[in-house]
Amino acid sequence: TVTIKELTNHNYIDHELSATLDSTDAFEGPEKLLEIWFFPHKDAITTEKTLRDIVMARWIEILKLVKCEVLSMKKTKELDAFLLSE
Amino acid sequence: SSLFVFDHKLTLKTCGTTTTLFCLARLFQIIEQELSWDFQTTASGKYKPFKVFYSRRCFLFPCKQAAIHQNWTDEVDYLNRFFDNGTSYSVGRNDKSNHWNLYVTETDRATSEETDCIEDDDETFEVLMTELDPECADKFVCGPDTSTAAPAELNEDKGHNLGYQMTKKTKLDDIYLNSSQDSNLSFHHDAFAFTPCGYSSNMVLDEKYYYTLHVTPEKGWSYASFESNIPVFDLSQGKQDNLDVLLHILNVFQPREFSMTFFTKNSENPSFKKLLRIDESLSEYITLDKIVYDLDDYHLFYMKLQKK
């Protein structure tokens, strides 16, 4: 279960977006789910850099093409979890 | 909507009228320029990463979708411009437009053979629920008149505060045996409550497994989705399986109808075996579809159930 600490340890929050986001016109819950495995395992990556070295500005740019914005993000040892605006 | 980025893979899940597949061109460009990952292996410029999945249930309002996402055939044509080893499936009842679509590429064996690494064990469990019980849906409405004290600190944030409260109220942080009493696995949470209504959350267990929930509670088109890559049986040392997880989720949302998909690499997976007999444990529901696919190196189990 979570503790209130989880409200204070984000790696990224867009406060302005969070305060202005409005879901009045939301009508389509069903999602599109895309999963791309570039490698079978992280140990198979032969380059020094990995997906997690792509900076936030790049993800924001890519997600703009999808019509999404980054609300907040949490980093753990193995993954970056982005919560998005839609 | 959510995005999960690992060192070697990513999962992007978006709802509404988003254009998910329009990320592909720029994504492959960036990974080539910035990571020196070059997956373009054919003269026609197609890509061959280790594996690609793209799936979705039928939309509630397909004609309101944008561009290629208005119909599955256009999406498949678009994906085939990037990948030349993909296969498309429509799973379940086509006539009632409540089936589920899947596009999956053939696994690129060359990568794992070259690096003789052990492939990730992998399972994904997804539950897509419609016509939520109104009382349950109401728990995800915060409304314009929600009395929340003004942010006490500069970086405090109403949407995330309310999201946290929704998580606690609905016990969506208590699905897996991960409370401090019964496990020492790390558990991270990020949730947001939309105004006037709606909820999104990402939970990360043991640093590398996630489950994500998205809720659109509005009457007429209420919907909730749950998706997880947590190997629940192993992580709980056999104390829990995906049937327990499903019963917890159904209890929170009490949908009139839901579909469930379970992908696993291993047909001996205890959850897979239990799920095959799941309808015996869901006395309130009748089974509309129960389908098992053998896909390349995955087993897919799909079910569609409706309240009696």
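Chain letters run A, B, ... following the sequence lines, proteins first, then strands; residues in each count from 1. Everything quoted here is computed from the prediction, not taken from an experiment.
Between B:F39 and A:I36, the closest side-chain pair of non-hydrogen atoms is not below 4.5 Å. Side-chain contact between B:L27 and A:W59 is present, with heavy atoms from C-beta onward closer than 4.5 Å. The closest side-chain heavy-atom distance from B:L60 to A:F27 is not below 4.5 Å. Side-chain atoms of B:H160 and A:I13, non-hydrogen and from C-beta on, do get closer than 4.5 Å to each other. For the pair B:K168 and A:V2, the minimum side-chain heavy-atom distance is below 4.5 Å. B:T195 places none of its side-chain heavy atoms less than 4.5 Å from the side chain of A:S23. Side-chain contact check for A:E31 versus B:H214: some heavy-atom pair is nearer than 4.5 Å. A 4.5 Å side-chain heavy-atom check between B:I31 and A:I54 finds at least one atom pair inside the cut-off.
Heavy-atom distances place the side chain of B:Y164, and not its backbone, under 4.5 Å from chain A. With a threshold of 4.5 angstrom between heavy atoms, B:Y223 approaches chain A through side-chain atoms but not through N, CA, C or O. For B:V5, the parts lying near chain A are the backbone and the side chain together; criterion is any non-hydrogen pair under 4.5 Å. Residue contact with chain B, scored on non-hydrogen atoms closer than 4.5 Å, involves the backbone and the side chain of A:A26 alike. For B:E218, the part lying near chain A is the side chain, with the backbone staying farther off; criterion is any non-hydrogen pair under 4.5 Å. For chain A, no part of B:I175 is nearby; none of its heavy atoms comes within less than 4.5 Å. In this structure, chain A has a heavy atom under 4.5 Å from the backbone of B:A191, while its side chain stays farther away. For a residue to count as touching a neighbouring chain, one of its non-hydrogen atoms must lie under 4.5 Å from one of that chain's; by this rule A:E48 does not touch chain B.
To the nearest 0.5 angstrom, A:L71 atom CG is 5.0 Å from B:F192 atom CZ. How far NZ of A:K77 is from NZ of B:K208: 9.0 Å, rounded to the nearest 0.5 Å. Interatomic distance, B:W37 CH2 to A:T50 OG1, rounded to the nearest 0.5 Å: 5.5 Å. For the atom pair A:L79 CG and B:L3 CG, the distance stands at 10.0 Å (nearest 0.5 Å). Between A:K74 atom NZ and B:M203 atom CE the span is 10.5 Å, to the nearest 0.5 Å. A distance of 5.0 Å separates CG of B:N202 from CG of A:L83, quoted to the nearest 0.5 Å.
A donor-acceptor distance shorter than 3.5 angstrom exists from the side chain of A:E6 to the backbone of B:H189, with no hydrogens or angles considered. Under the 3.5 Å distance criterion, the side-chain polar atoms of A:T76 are left unmatched by any main-chain donor or acceptor of B:D206. A:K32 places no side-chain N or O within 3.5 Å of a backbone atom of B:L21 that could act as its donor or acceptor partner.
When all heavy atoms are compared, the tightest approach of A:W37 to B:P49 is O-CB, 3.5 Å. Closest non-hydrogen pair, A:T47 versus B:S36, comes out as CG2-O, 4.1 Å. Of all the heavy atoms in A:E86 and B:G16, the pair that sits closest is OE1-CA, 3.9 Å. Among all heavy-atom pairs drawn from B:L35 and A:K49, the shortest one is CD2-CB, 3.7 Å. When all heavy atoms are compared, the tightest approach of A:G29 to B:T216 is CA-OG1, 3.4 Å.
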Evaluate A:E61 against B:R26 for salt bridge (Lys or Arg N to Asp or Glu O under 4.0 Å), listing each step before the verdict.
CA-CA 9 Å; A:E61 180 197 340; B:R26 186 64 180 128; 2.4 Å; yes
Step by step, work out the side-chain contact (heavy atoms from CB on, under 4.5 Å) result for B:D7 and A:D53.
CA-CA 8 Å; B:D7 287 301; A:D53 290 300; 5.8 Å; no
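Salt bridge status for A:E28 with B:K64: absent, with no side-chain N to carboxylate O gap under 4.0 Å.
For the set A:K64, A:R58, A:H10, the count of heavy-atom pairs under 4.5 angstrom toward chain B peaks at A:R58. Heavy-atom pairs under 4.5 Å with chain A were tallied for B:Q65, B:E126, B:E75; the largest tally goes to B:Q65. With respect to chain A, the highest number of heavy-atom pairs below 4.5 Å among B:G159, B:S55, B:S222, B:C23 belongs to B:S55. When B:R57, B:E34, B:R56 are compared by the number of non-hydrogen pairs under 4.5 Å with chain A, B:E34 comes out ahead. Annotation: maximal heavy-atom pairing with chain A below 4.5 Å, among B:F4, B:F187, B:Y103, occurs at B:F187. Per-residue counts of heavy-atom pairs under 4.5 Å with chain A were compared for B:T14, B:V104, B:T11; the largest is that of B:T14. Across B:K13, B:H69, B:K171, B:K48, the residue that shares the most heavy-atom pairs under 4.5 angstrom with chain A is B:K13. Of the residues considered (A:N9, A:V70, A:T24, A:V55), A:T24 shows the highest number of contacts with chain B, using heavy-atom pairs under 4.5 Å.
Dense packing is recorded around CD of B:Q33, with more than 12 heavy atoms of other residues, nucleotides or ligands lying under 6.0 Å away.
With sequence neighbours left out, the side-chain hydrogen bond (donor to acceptor under 3.5 Å, both in side chains) criterion links B:T105 to no other residue.
A side chain to side chain contact (heavy atoms under 4.5 Å, CB included) with A:F38 is found for one member of B:F50, B:Y47, B:F28, B:F6 and no other, namely B:F28. With respect to B:T18, the side chain to side chain contact (heavy atoms under 4.5 Å, CB included) criterion is satisfied by exactly one of A:L63, A:V66, A:L84: A:V66.
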